[in-house]
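A quick write-up on the structure given underneath.
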Amino acid sequence: MTQAPEQEAPPVPEGHVRLTIDGQTVDAPKGELLIRTCERLGIVVPRFCDHPLLDPAGACRQCLVEVEMGGRPMPKPQASCTMTVADGMVVKTQHTSPVADKAQQGVMELLLINHPLDCPICDKGGECPLQNQAMSSGRAESRFVEEKRHFAKPLPISDEVLLDRERCVLCQRCTRFSEQIAGDPFIELLERGAHQQIGTEETAWGEGEEFQSYFSGNTIQICPVGALTSASYRFRSRPFDLVSTPGQCEHCASGCSTRRDWRRGGVTRVLAGEDPNVNEEWLCDKGRFAFRYPTSPQRVLAPMVRGDDGELVAVSWIEALERAAELLLAARDGSGPGRVLVGDDGVEAEGDPKKGVGVLPGGRLTVEDAYAYGKFARLALRSNDVDHRARVHSDEELDFLAGHVAGVAPGHVSYAHLEAARTVLCVAFDPEEESPIVFLRLRKASRHGTRVVHVGSWTTPAVAKTGGHLVRVAPGDEPAALDDLPDDVATALGEPGAVVLVGERAAEVPGLLTAVAGLGSRTGARVAWVPRRAGERGGVDAGALPTLLPGARLLTDADAREAVAAVWGVPTLPESPGRDVTAMLRAAADGVLAGLVVGGLEPADLPDPALARAALAEADVVVSLEQVFSEVTGYADVVLPVAPAVNRGGTYRNWEGRDRTFATTIDPGQGSSGRVGGTAAITLPDCRVLDSLAVEMDVDLFTQTPAAAAAELAELGTVAVTPSTPRTRPDSEPAGRAPGTVRLATWRQLLDGGALLAQEPDLPGTARPARLRVAAATAERLGLVAGEPARLHAAEQPGRHAEPDPTLAGLDLVVELADLPEDVVWAPSHVPGASGVTTLAALGLHHGGPVRVTGSAAPESGDQQ
């Protein structure tokens with residue numbers, strides 16, 4: 001009988017090596033870690049220090065395996081998390097090698113020598129890798145009889161992160177994350193031998209810097225034991241008591257995947273979800289810890305109507321909707337009282353009736369809600385007066401959004417493009433403060449060769465941690481800087497894959513968005529707009545703007561209006577372009593516009609807070625759709641409660657244009673909404689509230705559910721965007737600077753006392769303190785001293801912004817020297833304090849504008865220092 005010839009092995013693919021693991025032959029890419037190859041084969045190798053997103057450390061030695069090279073075994077087991085694959089290598093894990101199994105058991109015994117037996121009270125109990133691997137890779141009995149080491153506990157690394165040092169297995173995950181990923185190397189290994197521990201110099205010896213990072217919570221999640229715990233979760237629950245629901249972060253436009261753990265009708269903790277395409281396994285502290293607001297005492301739990309005595313009274317949904325519809329119809333049709341005009345002789349007379357209602361949805365919206373607001377404005381209110389930009393804005397920005405953002409295909413610029421780019425230019429955008437996960441990707445890219453260039457006024461922490469490439473420019477001069485970039489930067493932007501990231505605050509600098517568009521056209525670099533709020537990008541595509549219809553359709557295009565009207569089942573749509581936020585507020589303050597429908601908008605966030613308050617006070621009708629009581633509800637005639645993200649489903653569209661769909665975490669009927677008058681309160685998505693309100697106005701929106709709104713928006717589709725050059729409007733030219741003033745640079749910090757952070761007592765502890773930054777020469781000229789307070793005063797700037805709030809004399813901040821241009825100072829635009837948040841806008845101060853700075857007495861107790 002003829003023996004069949006042995007089948008010839010296929011050739012090794014180029015760039016790969018062939019090795020054997022537990023008897024299985026496998027081809028692996030050159031340079032791949034041995035533990036990753038085992039994972040691909042489904043072979044579980046225990047480990048503590050290994051993490052796929054951190055550089056190898058080989059610290060815990062739990063992943064020891066037996067290795068042969070060239071037919072000869074290595075003299076001792078090797079750490080598979082640090083050894084790369086090689087051709088002809090033969091590997092035996094604990095599954096097939098008694099040597100590897102004994103080594104792993106020995107390492108486990110050493111790790112448990114000093115580890116306390118406090119699993120029943122440890123926050124990690126029930127989800128602890130040490131527990132699991134002690135059972136799978138440990139010995140049944142310990143031979144250690146000496147006393148374990150003890151430390152004072154817990155040790156506060158920060159207000160949110162607590163350390164139990166005796167539980168630490170010295171895996172170095174936290175130290176590597178802090179140094180490699182976040183760039184905040186304040187937590188480190190201290191001492192040596194049996195006394196070795198993690199901590200900070202401050203916690204160990206009473207000196208050094210506190211661990212202050214926007215990403216500190218990630219060290220808790222990646223800790224493989226219960227050494228690092230969360231102050232907000234500590235002793236609150238056990239994993240087996242929790243229900244886990246996937247979600248999406250609602251705090252910024254990064255689009256992070258999350259996991260919400262909840263019990264008894266309330267969220268107990270938020271963890272980062274695993275999404276390699278977006279946030280990988282990371283989350284900023286704002287997204288991780290700012291989850292208490294749905295159970296805040298300030299939550300709006302029932303519809304309210306303002307009574308004859310001027311007080312808001314809780315009523316039924318039917319009563320509130322009927323009252324709101326009645327008021328809005330009168331305001332829309334101009335059947336309310338006329339304006340009161342005062343003649344030169346001081347005699348009052350009734351003028352033309354106020355007419356029309358403006359819609360200010362705010363930037364917190366899902367795509368479905370933004371679509372419903374736009375449709376409500378155009379059908380129920382018969383107007384294009386709708387604008388979701390609750391921030392600095394401009395007509396130039398509207399042109400930029402229409403020509404370079406609306407309708408751009410998802411993935412035109414993505415996180416993957418940031419990592420692959422050889423050059424990324426950031427304009428009017430501080431990624432760590434405004435989109436933290438974008439910052440982490442840029443830092444990761446910079447560590448692997450990407451050049452990240454920032455156009456800005458000083459070397460911020462984000463600039464330093466992404467390579468330190470700064471094109472220094474005085475505020476307001478950014479357009480000229482883009483037109484005259486250094487030759488090496490301009491050349492690099494012309495290379496394939498280059499990216500330009502521009503922030504939403506570019507709208508405050510006249511001509512800057514025009515310059516960005518021109519730079520992209522001139523160099524071929526991809527341009528992406530990165531707003532701060534989660535609902536900004538979706539609001540653009542859903543048509544919640546005065547010049548855009550859903551699906552990137554221009555309002556001025558008759559065919560576009562006809563297409564939308566056909567889907568909506570109406571003969572025509574309003575043709576006149578609507579007013580933007582400022583124009584609506586000015587019209588209401590001047591007695592032209594009769595009413596306002598307001599979503600999650602804070603007057604303090606607007607470029608002219610005083611104008612916003614005057615408009616709310618002067619409007620005949622204010623209908624507020626709110627999650628928590630705010631300054632707006634104090635002016636509202638009707639308050640309609642809407643559901644936070646945890647109590648509803650929907651879709652956020654992140655800055656990439658990627659849809660981040662999420663489902664309801666906790667049904668409001670399960671008690672998370674609280675109770676009013678003994679009756680369970682019901683809050684609804686904005687889209688359903690607007691649909692019900694429109695029905696009372698004899699209009700059908702068909703947005704009863706987020707799914708219905710999403711389906712109709714999908715039916716409309718998206719038209720192809722036509723890139724265009726924004727127009728710099730004559731009324732937005734920068735004003736001059738008066739003698740004795742300096743120029744102000746400003747933007748928001750990540751943790752600055754926003755409305756959704758009000759119930760987070762620990763989170764402000766990791767916020768960066770507000771400082772007045774100034775160059776040494778400028779400080780000397782102005783008589784300012786580093787470490788001492790100085791006061792910001794309003795300066796005359798006619799023709800651009802309203803007068804400052806007369807009740808605010810100024811703002812005191814501690815001086816810190818930085819590398820700003822001369823005659824330029826920087827301060828955060830929002831400064832939290834004991835009496836609330838003070839904004840520079842309330843002082844009449846804006847980026848690029850003039851400011852007076854003087855030495856000051858020490859700030860009063862409670863002021864930000």
Side-chain angles (χ1 to χ4, degrees), residues 9-97 99-101 103-104 107 129 133 136-137 171-173 175-177 179-181 218 222 224 274-282 414-422 440-441 443-450 497:
V12 179
E14 185 178 355
H16 287 62
V17 297
R18 181 163 292 166
L19 67 156
T20 302
I21 302 177
D22 285 349
Q24 301 182 59
T25 301
V26 60
D27 294 334
K30 290 181 180 179
E32 184 176 59
L33 293 175
L34 187 52
I35 199 169
R36 299 284 172 267
T37 311
C38 292
E39 288 173 352
R40 289 197 292 108
L41 290 176
I43 299 172
V44 177
V45 178
R47 84 292 299 271
F48 295 111
C49 68
D50 175 69
H51 192 284
L53 299 177
L54 302 176
D55 293 347
C60 72
R61 317 306 289 180
Q62 188 61 56
C63 65
L64 295 175
V65 295
E66 191 176 1
V67 179
E68 294 181 12
M69 290 292 296
R72 300 179 62 184
M74 289 189 170
K76 59 182 179 180
Q78 302 296 308
S80 59
C81 71
T82 58
M83 176 170 280
T84 57
V85 295
D87 201 40
M89 178 183 283
V90 178
V91 179
K92 297 178 181 178
T93 71
Q94 77 278 6
H95 299 288
T96 59
S97 168
V99 173
D101 186 48
Q104 292 180 8
V107 170
Q133 292 172 197
S136 65
S137 306
C171 69
Q172 301 179 32
R173 280 190 178 187
T175 61
R176 283 179 289 151
F177 171 84
E179 184 173 359
Q180 298 166 17
I181 307 299
N218 292 287
I222 65 175
E274 294 187 21
D275 191 335
N277 295 320
V278 180
N279 57 310
E280 299 183 309
E281 298 179 25
W282 314 129
S414 66
Y415 285 105
H417 287 120
L418 301 184
E419 284 196 36
R422 294 184 62 183
L440 290 187
R441 284 300 184 97
R443 175 167 167 77
K444 179 181 179 182
S446 70
R447 294 182 68 235
H448 294 90
T450 299

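Everything numeric here is computed off the predicted structure, so don't read it as measured data.
- Ionic pairing of K30 and E14 is not present here: no N-O contact between side-chain nitrogen and carboxylate oxygen is shorter than 4.0 angstrom.
- Heavy atoms only, all atoms of each residue included: L64 and A103 are closest at CD1-CB, 3.8 Å.
- The backbone N or O of L418 sits nowhere less than 3.5 Å from a side-chain atom of R441 that would complete a donor-acceptor pair.
- Nearest heavy atoms, D22 versus K92: OD1-CA, 3.5 Å.
- Using a distance-only test at 3.5 Å, with no hydrogens or angles considered, no donor-acceptor pair links the side chain of H448 to the main chain of A445.
- Closest approach of V99 to E66, counting heavy atoms only: CB-OE1, 3.9 Å.
- Between C81 and R47 there is no side-chain heavy-atom pair separated by less than 4.5 Å.
- Annotation for Q94 and V45: closest pair NE2-CA, 4.2 Å, computed over non-hydrogen atoms.
- Formation of a donor-acceptor pair under 3.5 Å by the Q78 side chain with backbone atoms of K76 is found in this model.
- Of the possible polar contacts, one joining the R176 side chain to the Q172 backbone as a donor-acceptor pair under 3.5 Å is found.
- You'll find the side chain of L54 reaches within 4.5 Å of the side chain of Q180, heavy atoms only.
- Taking the charged nitrogens against the carboxylate oxygens, R40 and D27 have no contact shorter than 4.0 Å, which rules out a salt bridge.
- Between the side chain of R61 and the main chain of V107, no donor-acceptor pair closer than 3.5 Å is present.
- Proximity of a side-chain donor or acceptor of T20 to a complementary backbone N or O of G23 within less than 3.5 Å is not detected.
- Counting heavy atoms from C-beta on, the side chains of D50 and T82 never come closer than 4.5 Å.
- With a 4.5 Å cut-off on side-chain heavy atoms, F48 and Q133 count as touching.
- With C49 as the partner, the side-chain contact (heavy atoms from CB on, under 4.5 Å) test is satisfied by one option alone out of P56, C171, P224, C63: C171.
- Distance alone, capped at 3.5 Å, places no donor-acceptor pair between the E280 side chain and the D275 backbone.
- Between the side chain of R18 and the backbone N or O of A86, no donor-acceptor pair lies under 3.5 Å.
- The shortest heavy-atom contact between T84 and M89 is O-CE, 3.5 Å.
- Screening D55, I222, N218, L440 for a side-chain contact (heavy atoms from CB on, under 4.5 Å) with I181, the sole residue that qualifies is L440.
- Contact detail for C38 and T93: the closest heavy-atom pair is SG-CG2, 4.2 Å.
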Please report the C-alpha distance between H51 and E281 in whole Å, then the side-chain angles of each, then the deciding distance to 0.1 Å, and finally whether the side chain to side chain donor-acceptor pair (under 3.5 Å) criterion is met.
-> CA-CA 11 Å; H51 192 284; E281 298 179 25; 3.2 Å; yes
